[in-house]
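Take a look at the structure set out below.
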Amino acid sequence: MSKLAMDVPAKGGFSFDLCKRNAMLAKDGVQLPPFRKTGTTIVGLIYQDGVVLGADTRATEGPIVADKNCEKIHYLAPNIYCCGAGTAADTEAVTDMVSAQLQLHRYHTGRESRVVTALTYLKRHLFSYQGHVSAALVLGGVDFTGPHLHTIYPHGSTDTLPYATMGSGSLAAMAIFESKYKEGLTRDEGVQLVTEAICAGIFNDLGSGSNVDICVITKGSKEYLRNHLQPNPRTYVTPKEYTFSKKTEVLSTLVTTLKERVEVVEAGDKMEE
Amino acid sequence: MESNQANPSILCSPEGSQRTLYPYVTGTSVVALKYKDGILMAADMGGSYGSTLRYKSVERMKPIGKHSLLGASGEISDFQELLKYLDELVLYDNMWDDGNSLGPKEIHNYLTRVMYNRRNKFNPLWNSLVLGGVKNGEKYLGMVSMIGVNFEDNHVATGFGNHLARPILRDEWREDLSFEEGVKLLEKCMRVLLYRDRSAVNKLQIAKITGEGITISQPYSLKTFWGFSAFQNPTAGAEGSW
């Protein structure tokens, strides 16, 4: 009787099987392809009624802007949103996955999702991949315990903070937060501060640019302000359209009808078996 | 770590002298801006030896001649070497005794040449320099990096200051800042650096140059705020997360 080696379903997590082979290849001079950082400024802050999340909208592939108006604020649950920095595919896939898990969990428990649940799902997944899933996230939401804001690093560590920034523009944005944040901000002050922080990232960091997206989450409601601010409009647009003054003249017209070359067979027996 | 003692065999061999490969005792950022009457420059007084904050009374800003102020970040010993060169330069200038004196533009140019030359010999002076001054009513503020990149601007910062202080300065700097406003703006930048730069110390000096002369303040520290209610119990409501 042959023993099936695959009786137990394969467990998740990082499989270290290829590490020895990679080390051997590296010794022979084969270089690993470099990871592409997409360059981003993402921020979040807690104000008196909830959470404001903000992100820029530039996705880069090395020195080229791949998408000048992408969406970096991902939906996780009706009351939880997540901004993602790092490899775009990783942030997209991991937030999609956790969003689905949260939905199933909601059906299972019959309750609104909690932010710590999303946090734990994300952190467990990222840790098990030992940092190879290059997703740095700012997770924010409001559940019945109150507003929460967390940062999640690619290796799986998390921080719980009143204001947070991630991405290549995080230092510029953090400079704004550290000098202007105070507790008990109103909604408009919060949105204003987040916009200023993202603009600092857009104008001072090369990896961030284009527009500002905002998401305001309070108890029982959320507002997704896509392209809340567009500080980089196209400045030089030709006012008149292209005109083609010289049209080609029609000298003569000759129409040739198509000839039928297929014979129609009656009582189509061929199609039936 | 290489030994810095003069080793005759090394000096005579073709790989002659040793070159600067990494800095040892470093100073962190310097931030400076032009204001109504002149230039304001701020630097903290820390000298880090790798990851230890070893020296806490290092003066990283020095007056040069009558009209300029030099602030440096990076290797402290290279800064001291530069001060020696500048001393000699100012001495020769004084010996002319012709009523003219080296202004900030001239000293900036001299520093650029020195830094670029050393970089070309693969033996750089491991500093980012900020040179500010006022001569004949004209304000001047410039920067030279360790590879010889130099430029002039209304506000400059070195090291971490580039990432943390410049966004604030780009937003809030104006042409006609008064002295108090300028100091407040500089302190805002230094406070953010204190929060977010690991090699910053809470002991800084602010220097002012105007047409009347140069003053460097006594060292003092900034007030920091740690009293956010979210810091008291960070994981309230998120039990189990860190």
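Note that this is a predicted model, so its numbers are computed, not measured.
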For chain B, which of A:Ala175, A:Ser179, A:Gly201 has the most heavy-atom pairs under 4.5 Å? A:Ala175
[atom1]-[atom2] distance between [X] and [Y], expressed to the nearest 0.5 angstrom:
X: A:Phe177; Y: B:Tyr195; atom1: CZ; atom2: OH; value: 15.0 Å
X: A:Asn204; Y: B:Asn162; atom1: CG; atom2: CG; value: 10.0 Å
X: B:Phe228; Y: A:Ile46; atom1: CZ; atom2: CD1; value: 11.5 Å
X: A:Cys199; Y: B:Arg170; atom1: SG; atom2: CZ; value: 14.0 Å

Atom [atom1] of [X]: over 12 foreign heavy atoms under 6.0 Å:
X: B:Leu83; atom1: CG; answer: yes
X: A:Phe127; atom1: CZ; answer: no
X: B:Arg166; atom1: CZ; answer: yes
X: A:His125; atom1: NE2; answer: yes
X: B:Glu138; atom1: CD; answer: no

Non-hydrogen atoms of chain A under 4.5 Å away: do they reach the side chain of B:Arg191, the backbone, both or neither? neither
Under 4.5 Å from any heavy atom of chain A, what part of B:Phe160 do you find: side chain, backbone, both or neither? side chain
Less than 4.0 angstrom from a charged side-chain N to a carboxylate O is my criterion; do A:Lys180 and B:Glu172 meet it? yes
With a 4.5 Å limit on heavy-atom distance, are the side chains of B:Pro167 and A:Phe203 in contact? no
Can you find a heavy atom in the side chain of A:Ile176 that is under 4.5 Å from one in the side chain of B:Asp171? yes
Taking 4.5 Å as the heavy-atom cut-off, does anything in residues 173-183 of chain B contact chain A, and if so which residues? none
Main chain of B:Arg196, side chain of A:Glu178: is a donor-acceptor contact present, judged purely on distance under 3.5 Å? no
Side chain, backbone, both or neither: which part of A:Tyr163 has a non-hydrogen atom closer than 4.5 Å to chain B? side chain
My understanding is that only residues two or more places apart in sequence, or in another chain, count here; which of them pass side-chain hydrogen bond (donor to acceptor under 3.5 Å, both in side chains) with B:Tyr140? B:His108
Of all heavy-atom pairs linking B:Gly227 and A:Glu183, the shortest is O-OE1, 4.1 Å
